[in-house]
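Have a look at the structure below, then the notes.
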Amino acid sequence: LKALFLGYFNVFHGSIPMELGSIHNLEVLDLSESGLNGMIPPSLGYLTKLNTLFLQNNSFTGSIPSRLGRISSLKSLDLSNNYLSGTIPIELCDLVELELLGLLYNHIHGSIPDCIGTLPKLEVLKLFNNNLSGQIPARLGHMNPRLRQLDLSYNALSGPIPPHLCHGKNLEWLLLLENRISGQIPFALGFCESLTRIRLGSNELSGSIPSGFFFFPRLDILELSSNNLQGLALPDFSHNVSVVSIINLANNHLIGPLPLSMGNMRGLEKLDLSNNRINGTIPDQIGLLSEHLSTLDLSRNLITGALPDSIAQCIHLSILNVSGNALSGEIPGPIQEMSQLSVIDLSFNNFSGAIDPSSSEGGSRFTGNLLRGNPLLCGDLVSRPCIGNVNSSFGDSQAFGMNPMANVKLIGIPLLAFMLASMLMSVGILYGIRSSSSFRGALHSTWFNLKKSGIDRWWCCKMMMKKKKRRASSGWKLVKFETLD
C-alpha cells in the first residue's frame, strides 16, 4: 500500500491507530476532515517513505510529534485547523525535502525556529492564527529561494520584516496581518515584482511605502492599514499604469494630494485612504476609474474643494465615504442617478445649498445622519428650513432663485451686526475713560447716562427685531436677497 486517501468523508471517530505507522511503504496519507481526534501518534514517524501527510480539519490535540522530523522524504505536511498546542518542534528543520508546511488555525505558541529559514526547498509556509511570538527568522527567504507563499498573520510576532524574503524572486504572497512587527518595509521588497498579495496591516510599521508596490505587474491586493507609515500616500501614475485591484492604506500618517494621474489606476476596485492627512482636491480624473471602482473611502482627511461631477461616471460605485473633510459647494446632482450606490456618507464637511431627495428615485440612500455636520445645507433631511423661494433638489443652482453661494447679499443681518459693533465700541471707549482716576469724579454722572442710553438702544434694537420676526411669520421677509451685478 503506497497511498491511503480517507479524507473528506467525516465518517471516523476516535484517534489514529498506532499500527498505521507499520505500513512502511506508504507514500501518501490523507486523513483530512475525517472526524478524528486525540493525539497524533508518534509512530507516524516510522513512515520513512512518506512524502505527503495531510491531517488538517480534524480535532487533534496535544503537541506536534517531534518524531515527524525523521521522515526525510516528506514534502507536504499540513496539520492546520486542529487544536494542537505546544511549540514547533525544531526537528522539523531536518525535513530537507519539505515544500509545504501548514500549521494554521491551531494553538501553537513560542517562536518560529530559526532553522525553518534554512529549508532549501520550502515554497509555502502558513502559520497564521496561532499564538506565535518572537521575531520572524532573519534568514527566511535568503536560504529559501523557492519561497512563494508566506502567511504568518494573526499572531504576536515582533521585530522587523526580514530583508531577503524575495531573494529568489518567487515570492507571491506576503501576509503578516495583525502582529507587532515594527521597523520599515525593506527596500528590497520594492523590487519584488513576483508579488500578487501584500497584506501588512495592523502592525507597527513606520517609514514610507515603496513606490514600486503600486506598479508590480501582478499585484492584486495592497493592504498596509493601521500602521505608522508616513510620506506620500499615492505616487505619480503619469508614466506607469497600475493594475492593483484593492488598496487599503487607512489609519496611517500619509500625506499629499490625490494625483491627477490616478486615472491610470484602471484596475482599481477598492480604495481606502481614510484617517490620514491627505489634502488637496478630488481630481476630475477619478471618473476614469469607472470600469471597476466599487468602494471609495476618503473619510477623515484634509481634502478641500468640491465633490466632482465625474464621480457619477463610476457606475459600479456602491460605497462612497468622504465624511470628515473640508469639502464645499453643492452636492452634485448626478449622484442620485448612480443606481449601484448603496452607502454614502457626506457628513462633517462644508457642503451647501438645498437638499431634499424625496422626489428623486435614489433618495432613500440619504439620511440626516449621513449629511450631519454640514451647517450650510438646508432641507427636511437636515432639519433646517430653507429661507426664500427654494426649489429643493440636488445640485440645483437656482435653489434660491439664483446661485446662493455666488450672488446673494443679505441685507438685514449685516445692518444688525453694524449696529451692535457700534454700540460695543462706544461702551469700550467709555469704559476706558471711566478707568482714568482724573476723570472719575467729574464724568461719573455722564458715564451713567451714556451707559443707560447704550443699554436702552440695545433693548430697542432687540424689540424691533422681534417685531420683524412676527411680521415675517405672517408673510413679511426678514432677510432680503438681492442679485449682485
Side-chain angles (χ1 to χ4, degrees), residues 56 63-64 76-90 92-93 95 98-168 170-186 188-189 192 194-207 210 213 219-229 248:
Q56 70 267 28
S63 59
I64 301 171
S76 299
L77 176 61
D78 194 344
L79 309 178
S80 59
N81 201 18
N82 281 286
Y83 299 98
L84 297 173
S85 57
T87 61
I88 300 175
I90 196 172
L92 294 185
C93 297
L95 303 176
L98 195 65
E99 298 174 357
L100 181 150
L101 178 58
L103 304 177
L104 51 132
Y105 285 107
N106 279 289
H107 304 296
I108 301 170
H109 62 266
S111 61
I112 302 173
D114 288 337
C115 56
I116 293 292
T118 65
L119 295 174
K121 297 184 179 180
L122 188 64
E123 296 183 15
V124 178
L125 179 60
K126 295 185 177 181
L127 308 179
F128 64 89
N129 272 99
N130 279 285
N131 301 312
L132 296 169
S133 58
Q135 297 190 10
I136 303 172
R139 291 181 290 181
L140 191 63
H142 187 67
M143 303 290 290
N144 319 105
R146 299 184 182 182
L147 188 63
R148 294 187 297 107
Q149 297 182 9
L150 176 64
D151 193 345
L152 309 179
S153 304
Y154 305 107
N155 282 286
L157 298 170
S158 58
I161 299 175
H164 304 295
L165 290 178
C166 194
H167 178 70
N170 292 310
L171 189 64
E172 298 174 356
W173 289 14
L174 177 57
L175 281 64
L176 305 176
L177 290 160
E178 294 201 27
N179 281 283
R180 300 170 187 168
I181 298 171
S182 58
Q184 298 188 7
I185 299 173
L189 285 178
C192 188
S194 57
L195 282 165
T196 61
R197 295 185 182 182
I198 303 174
R199 305 190 68 186
L200 309 178
S202 299
N203 280 286
E204 299 170 8
L205 295 170
S206 58
F213 280 2
L219 190 64
D220 184 48
I221 299 175
L222 176 59
E223 182 177 354
L224 306 175
S225 61
S226 301
N227 280 285
N228 298 313
L229 297 171
N248 185 354

So, for [X] and [Y], which heavy atoms are closest and what is the spacing to 0.1 Å?
X	Y	answer
Asn144	Arg139	OD1-O, 4.0 Å
Ile64	Pro89	O-CG, 3.4 Å
Leu119	Leu95	CD2-O, 3.5 Å
Asn170	Ser194	C-OG, 3.6 Å
Asn227	Gly201	ND2-CA, 3.9 Å
Leu127	Ile88	CD1-CD1, 4.2 Å

Rounded to the nearest 0.5 Å, how far does [atom2] of [Y] lie from [atom1] of [X]?
X	Y	atom1	atom2	answer
Leu101	Ile112	CG	CD1	10.0 Å
Leu122	Gln149	CG	CD	11.0 Å
Leu152	Leu177	CG	CG	10.5 Å
Ile136	Leu176	CD1	CG	5.0 Å
Asn248	Leu222	CG	CG	8.5 Å
Ser111	Leu132	OG	CG	8.0 Å

request  = Using side-chain hydrogen bond (donor to acceptor under 3.5 Å, both in side chains) as the criterion, list what pairs up with Ser226, not counting sequence neighbours.
outcome  =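 By the side-chain hydrogen bond (donor to acceptor under 3.5 Å, both in side chains) rule, Ser226 matches Asn251.
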message = Once side-chain hydrogen bond (donor to acceptor under 3.5 Å, both in side chains) is applied, do any residues pair with Ser225, and if so which ones, sequence neighbours excluded?
response =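 side-chain hydrogen bond (donor to acceptor under 3.5 Å, both in side chains) check on Ser225 returns nothing, list empty.
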request  = Go through the structure and list residues passing ring-ring contact (aromatic ring centres under 6.0 Å, His included) with His142, not counting sequence neighbours.
outcome  =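 Once residues adjacent in sequence are excluded, the partners of His142 under the ring-ring contact (aromatic ring centres under 6.0 Å, His included) criterion are His164, His167.
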ask   = Of all residues at least two apart in sequence or in a different chain, which pass the ring-ring contact (aromatic ring centres under 6.0 Å, His included) check with Phe213?
value = Phe216
task = Give every residue pair that meets the salt bridge (Lys or Arg N to Asp or Glu O under 4.0 Å) criterion with at least one member in residues 153-162, sequence neighbours excluded.
result =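 Salt bridge (Lys or Arg N to Asp or Glu O under 4.0 Å) check on residues 153-162 returns no pairs.
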query = Within the distance-only criterion (no hydrogens, no angle test), does the side chain of Asn179 pair as donor or acceptor with the backbone N or O of Asn203 below 3.5 angstrom?
reply = no
Test item: Asp78 side-chain N/O and Gln56 main-chain N/O as donor-acceptor pair under 3.5 Å =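 No, the answer is negative, given that no donor and acceptor are paired below the 3.5 Å cut-off.
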Heavy-atom side-chain proximity of [X] to [Y] below 4.5 angstrom:
X	Y	value
Leu150	Leu165	yes
Gln135	Pro160	yes
Asn129	Leu104	no
Ile181	Ile161	yes

Qualifying residues under side-chain contact (heavy atoms from CB on, under 4.5 Å), relative to [X], sequence neighbours excluded:
X	result
Thr196	Glu172, Trp173, Arg218
Asn81	Asn57, Tyr105
Glu123	Glu99, Arg146, Arg148
Asn131	His107, His109

remark   = Contacts of Glu223 meeting salt bridge (Lys or Arg N to Asp or Glu O under 4.0 Å) (sequence neighbours excluded), chain-then-number -> Arg199
request  = Can you sort out the partners of Glu178 under salt bridge (Lys or Arg N to Asp or Glu O under 4.0 Å), two or more places apart, ordered by chain and number?
outcome  =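 Salt bridge (Lys or Arg N to Asp or Glu O under 4.0 Å) check on Glu178 returns nothing, list empty.
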task = Scan residues 101-148 for pairs that pass disulfide (SG to SG under 2.5 Å), counting only residues two or more places apart or in two chains.
result = Cys93-Cys115
query = Given Leu98 and Leu92, is the side chain to side chain contact (heavy atoms under 4.5 Å, CB included) satisfied, shown in steps?
reply = CA-CA 9 Å; Leu98 195 65; Leu92 294 185; 5.7 Å; no
